[in-house]
Asks: 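Here you go, one structure.
Quick caveat: nothing in here was measured; it's all calculated off a predicted structure.
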Amino acid sequence: MRSFSEFGNDLYTGKRSIEIVGRQKTWYAVSAVLLVLASMGLFVRGLNIGLEFRGGSEFRISSITNFNGFEARAKTALGTVNPGSNVVVTKTTDAVRVQTEKFQSTLQTEKVKAALAHEFNVGVNSISANTIGPSWGASVSQQAITALVVFLILVSLLLAAYFRTWKMSIAALIALAHDLVITVGIYALAGFEVTPASVIGFLTILGYSLYDTVVVFDKVRENTLEAEGNGRLSYSQAANQAVNQTLVRSINTSVVALLPVASILGIGYFLLGPGTLLDLSLALFVGIAVGTYSSIFIATPVLADLREREPAMKELKKRAARFQAAQARKESTATSDGDPLSADDEGMRDVVHASSGGGATARPVHPYVQTGPRNQPKRPPKSKR
């Protein structure tokens, strides 16, 4: 832990630096690959929409003593009542959940309950049936989209007002879209069911990603103001320094957030089975991980690319290049002399004496060396003694 804290301190003070903004093409390529895979999941395989959105009937069978072959047995029972129906069977902690299309009559529902009770050797009262219409899911989806649009508009206005530039809003929105597409794409590729809890998780990760991005942007603004004052760093360099200074904080925050979510995810997957807890924790886990990546490797490089095109930032880049070139020449000269020079010794050089063989001439020396120390009294001439 001590070495990690020292590493973070070195990053903050500038003793060490990881090139992140300068390697933006690498991070863009990684994100492009992830986005292509996510798009394949969305448009080729498609989302596994939950019963709440597509509508249908759900049966929960409890008090089961034998779970062997539960999926095939449930499908066989449904096949005796409604052959060819699309059936999804999952196992929870102590029950089996069967989802199928909506039955039009109560008589069919009762026949399915009887068939399932006979197949799993339980009483009819141990089976609960619920019917959900697609209009409920459509209403939830519409409200979620409306909330998302309002959220993005308000966030854009707030960021533009706080940071005094709309380009930070654009960079933050790009990072948010990046996180949302990849998270939903992972859901599609893995075949996870999208439920109202998943939608809540998707909206929650946007807030987390935005929070992490704003923290980095605030440090970028601080470093940029300092760079504009002294002209020592370009905008990209100041932004890279900001990312390094907040890198350890971002990692620590993400780990602290991911550990409890991972615990809930493990409990939901191995013990509780499919349900609201599993759906919510899965969305949060994927979204927090992707959001941390985007706030470091996507949002800040995109912001630097947008700001570097401004005339003021181009002029700052020229000033920084001149300053850094002068510093490099000074260090090169000091290294060749064998003794690094301090700022107070600027312009001073040691005298290079001729060797005993002769032929070598001395370098020009500082006037202080030629005339002696400043304010040293001189002996008056003989005529005035």
Asks: Going through the checks in order, is the salt bridge (charged side-chain N to carboxylate O under 4.0 Å, His left out) test met by E331 and R329?
Replies: CA-CA 5 Å; E331 292 176 2; R329 288 193 300 268; over 6 Å; no
Asks: Side chains of S295 and T213: is there a donor and an acceptor less than 3.5 Å apart?
Replies: no
Asks: Could you tell me whether K75 and E71 make a salt bridge, using a distance below 4.0 angstrom between a side-chain N and a carboxylate O?
Replies: yes
Asks: Under a 4.0 Å N-O cut-off, is there an ion pair linking K25 with D305?
Replies: no
Asks: Compute whether any side-chain donor of one residue and acceptor of the other, for R97 and T90, lie under 3.5 angstrom apart.
Replies: yes
Asks: Looking at CG of L78 and CZ of R73, how far apart are the two atoms once the value is rounded to the nearest 0.5 Å?
Replies: 13.5 Å
Asks: Of the options L159, V302, T165, L306, which is the one that meets I170 in a side chain to side chain contact (heavy atoms under 4.5 Å, CB included)?
Replies: L306
Asks: Donor-acceptor check, side chain of D179 to backbone of I205, threshold 3.5 angstrom: yes or no?
Replies: no
Asks: Could you grab the distance from atom CD of Q24 to atom CD1 of I298, nearest 0.5 Å is fine?
Replies: 10.0 Å
Asks: If only atom types and distance count, is the side chain of S281 paired as donor or acceptor with the main-chain N or O of L278 below 3.5 Å?
Replies: yes
Asks: Does R221 make a cation-pi contact with Y162 (under 6.0 Å, within 45 degrees of the axis)?
Replies: yes
Asks: Start with the C-alpha gap between S156 and S169, add the side-chain angles, then the distance that decides, and say whether side-chain hydrogen bond (donor to acceptor under 3.5 Å, both in side chains) holds.
Replies: CA-CA 5 Å; S156 302; S169 298; 5.2 Å; no
Asks: Treat each ILVMFWY residue as a node, draw an edge where side-chain heavy atoms are under 4.5 Å apart, and state whether F67 and V89 are in one component.
Replies: yes
Asks: Minimum heavy-atom separation for V216 and V243, please, with both atom names.
Replies: CG1-CG2, 4.0 Å
Asks: Using modelled atom types only, decide if a donor and an acceptor are shared between the side chain of N130 and the backbone of E58 within a distance under 3.5 Å.
Replies: no
Asks: Is it true that E226 and R232 have a side-chain N and a carboxylate O under 4.0 angstrom from each other?
Replies: no
Asks: Does atom NZ of K111 have more than 12 heavy-atom neighbours, drawn from other residues, nucleotides or ligands, at distances under 6.0 Å?
Replies: no
Asks: Report yes or no: is the cationic atom of K113 (NZ for Lys, CZ for Arg) under 6.0 Å from the centre of the six-membered ring of F59, at an angle within 45° of the ring normal?
Replies: no
Asks: For the OG atom of S294 and the CD1 atom of I182, what is their distance to the nearest 0.5 Å?
Replies: 8.0 Å
Asks: For Y187 and F202, I'd like to know if the aromatic rings sit close, meaning centre-to-centre distance below 6.0 Å.
Replies: yes
Asks: Can you name the closest pair of heavy atoms from A175 and A299 and give their distance?
Replies: CB-CB, 4.0 Å
Asks: Roughly how far, to the nearest 0.5 Å, is the OG atom of S250 from the OH atom of Y211?
Replies: 9.0 Å
Asks: Hey, what do you get for CD (E228) to OH (Y235), rounding to the nearest 0.5 Å?
Replies: 9.0 Å
Asks: Which value, rounded to the nearest 0.5 Å, describes the distance between F120 atom CZ and I61 atom CD1?
Replies: 4.5 Å
Asks: Got N48 and V88 here, is their nearest side-chain heavy-atom distance under 4.5 Å?
Replies: no
Asks: So does N125 have more than 12 non-hydrogen atoms from other groups sitting under 6.0 Å from CG?
Replies: no
Asks: Establish, from distance only, whether the side-chain atoms of E308 and S236 form a donor-acceptor pair under 3.5 Å.
Replies: yes
Asks: Under a plain distance cut-off of 3.5 Å, with no hydrogens placed, do N223 and Q237 share a side-chain donor-acceptor pair?
Replies: no
